[in-house]
Amino acid sequence: MQEYPLTIDLYELTMADSYWRRGMNDEAVFELFVRPPVPARRFLLAAGVEKALDYLESLRFDERALAYLRSLGLFSEGFLDYLASFRFSGEVWAVDEGELVFPGEPLLYLRAPRIEAQIVETYLLNVVNFHTLIASKAARIRLAAGLKASLADFSPRRDHGPGAALGVAYASYLAGFDGSSNVEAGLRLGLPVIGTMAHAYVMSFASELEAFRAFAADHPRPVLLIDTYDTLRGAERALQVARELRQQGRSLAGVRIDSGDLPTLTRRVRRLFDEAGFPEVQIFISGDLDEYRIQAFQAAGGVADGYGVGTRLGTSYDLPALGGVYKLVEDESGPRVKKSPGKRTLPGRKQVLRRQEIEAVSDVIGLAGEKLSGRPLLRPRVRGGSRLEPPVGPKDARRRVLQTLSGLPEDLRVIDHEARPEYPVELSPALTALLRQVEGSGD
């Protein structure tokens, strides 16, 4: 069954019915991009592209959806008949899942009959905006933590609904996280699931030591939460359990600290385990973390092997929404441009070319087919309504993202966004000339 076939703003359908009545179903090109500027982000990671392509290939309007639309009394029977046999038949060019992109650059464009291209707008923006927002946030957290540290998505309880929690688990994994606490993401998406224990577990036993012993006995790789009462005493009790496990031929995987002066506490806990001969016991921290707080923790001399990141990841706390838009750029009358102040668009089908060196990345947006040097970012992904290649799984996409992040120029790694200017994206000579020509024309 198609997931949410009516995730469509009403005006998309009322416009589409009007197009249908007037025979305006000519080929049109719509483009999805993030409108600049984007505060507090040096770059974006495109995500949700694979989900968007799945949607286009599978979109159908079943009897229940059609009956509801008919009940609104807004649509002609001929248009509803059209929807009953709807199949996307167009062409899609898109960047790869996890591609590094910048505001203003097309993430994808559709060339399809106007009605087909129009009514898919809302769903495409929903999935690409949200997943790109979270993947971009997660990539910054990965850079702050370092590429070798363990990172877990702990956000489900604060995400904006169960569907959003799945999206956060996926997008953060894509951007280099190691897994999620969300078990549903493991079931549905095949992602690694990660978890430790809660304070309630410790409080449910007569003593902290009893709780630690019970959890270690019942869990194959125990990570003990040591800050329920007193962190340093909790660490000493965890060390006692580590000694007991070693005598049984087992090991304590780690300890987690969720509160307090984390830099000081982690240093003292690390010293305690190292001096006792347990350097393999890892330290994980959590508690309203994000890239800024991880960076500050490290600058203060904190030591951690891993981080659990929740609310500030799942809500993209410092940038809670992304201004992705979907605009008509070409139809049978030629290139189209929106001239609204502050919301100008660029006309025509386009390509983004990237020239990357060790210390810099430079992009140029040009017209499709224009002779320009660099690696083209947009590839043909759908033709005649069908995918041209199998979907890319999250593990393969994640591997590619980690390679990209490892080679990212220093200028793009910076977390303090205000310290650097916006990343420049150039327009090609042909696109610049076309823009002037179209802007100089009438309505």
Side-chain angles (χ1 to χ4, degrees), residues 145 148-159 165-166 168-169 172-173 177-260 262 265-266 268-289 303-311 313-314 395:
K148 294 183 179 180
S150 175
L151 274 179
D153 159 38
F154 279 5
S155 71
R157 63 189 62 194
R158 301 282 174 79
D159 292 338
L166 282 175
V168 172
S172 59
Y173 182 75
F177 273 52
D178 295 287
S180 173
S181 64
N182 189 347
V183 180
E184 188 73 14
L187 172 64
R188 293 200 188 193
L189 307 176
L191 304 185
V193 290
I194 297 173
T196 59
M197 65 194 304
H199 296 106
Y201 184 88
V202 177
M203 295 163 63
S204 296
F205 288 80
S207 70
E208 187 174 51
L209 181 59
E210 183 181 342
F212 287 175
R213 282 172 169 161
F215 193 77
D218 297 340
H219 196 283
R221 285 187 50 78
V223 176
L224 304 178
L225 180 61
I226 61 174
D227 72 326
T228 303
Y229 304 116
D230 178 280
T231 301
L232 295 179
R233 289 181 180 175
E236 291 170 355
R237 290 164 183 148
L239 176 59
Q240 183 176 343
V241 172
R243 291 190 174 108
E244 294 169 0
L245 289 174
R246 181 174 283 181
Q247 292 175 353
Q248 302 168 22
R250 298 179 60 213
S251 62
L252 178 66
V255 296
R256 178 165 71 95
I257 308 173
D258 189 58
S259 62
L262 292 175
L265 289 171
T266 55
R268 294 182 67 176
V269 171
R270 180 74 277 157
R271 187 181 310 117
L272 175 71
F273 280 96
D274 288 351
E275 290 177 352
F278 291 85
E280 74 279 4
V281 174
Q282 297 190 322
I283 298 176
F284 300 90
I285 66 169
S286 55
D288 289 327
L289 299 178
V303 290
D305 300 285
Y307 306 86
V309 187
T311 303
L313 165 69
K395 291 182 180 179

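Numbering of residues begins at 1 and proceeds along the displayed sequence. In this text, all values refer to a predicted model and were calculated from it rather than measured experimentally.
Closest approach of Ser155 and Val168 over heavy atoms only: OG-CG1, 3.3 Å. The minimum heavy-atom distance linking Asp159 with Ala165 is given by the pair OD2-CA, 3.2 Å. Val269 and Ala235 make their closest contact through CG2-CB, 3.9 Å (heavy atoms, listed as atom of the first residue, atom of the second, distance). In terms of heavy-atom proximity, Met197 sits nearest to Arg256 at O-NH2, 2.7 Å. Closest heavy-atom contact between Ser181 and Pro156: OG-CD, 3.5 Å.
No side-chain heavy atom of Ser172 sits less than 4.5 Å from a side-chain heavy atom of Ser180. Side-chain contact check for Phe215 versus Val223: every heavy-atom pair is 4.5 Å or farther apart. Looking only at side-chain heavy atoms (C-beta outward), Leu239 and Arg243 come within less than 4.5 Å of each other.
Between atom CG of residue Leu265 and atom CD1 of residue Ile226 there is a gap of 8.0 Å, rounded to the nearest 0.5 Å. Between Asp153 atom CG and Tyr173 atom OH the span is 13.0 Å, to the nearest 0.5 Å. Put simply, CD on Gln247 and CD on Glu244 are 7.0 Å apart, with the number rounded to the nearest 0.5 Å.
Under the 3.5 Å distance criterion, the side-chain polar atoms of Thr311 are left unmatched by any main-chain donor or acceptor of Asp288. For Ser150 (side chain) and Tyr307 (main-chain N/O), no donor-acceptor pair under 3.5 Å exists by modelled atom type.
The salt bridge (Lys or Arg N to Asp or Glu O under 4.0 Å) check on Arg246 picks up Glu280, with sequence neighbours excluded. By the side chain to side chain contact (heavy atoms under 4.5 Å, CB included) test, Ala214 pairs with Tyr201, Phe205, sequence neighbours left out. Remark: Asp305 engages Arg270 in a salt bridge (Lys or Arg N to Asp or Glu O under 4.0 Å) (not counting sequence neighbours). Applying the salt bridge (Lys or Arg N to Asp or Glu O under 4.0 Å) criterion to Glu210, with sequence neighbours excluded, gives no partner residue. Scanning for side chain to side chain contact (heavy atoms under 4.5 Å, CB included) contacts around Leu245 gives Ala216, Pro222, Val241, Gln248, Arg250, Leu252, with sequence neighbours left out.
Of the options Asp258, Ile257, Leu225, Leu262, a side-chain contact (heavy atoms from CB on, under 4.5 Å) to Thr231 is made by Ile257 and by none of the others.
Sequence neighbours left out, the pairs with a member in residues 214-227 that pass side chain to side chain donor-acceptor pair (under 3.5 Å) are His199-Asp227, Asp227-Ser259.
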**Request:** Begin from the C-alpha positions of Phe273 and Val255 and carry the test side-chain contact (heavy atoms from CB on, under 4.5 Å) through to its verdict.
**Result:** CA-CA 10 Å; Phe273 280 96; Val255 296; 4.0 Å; yes
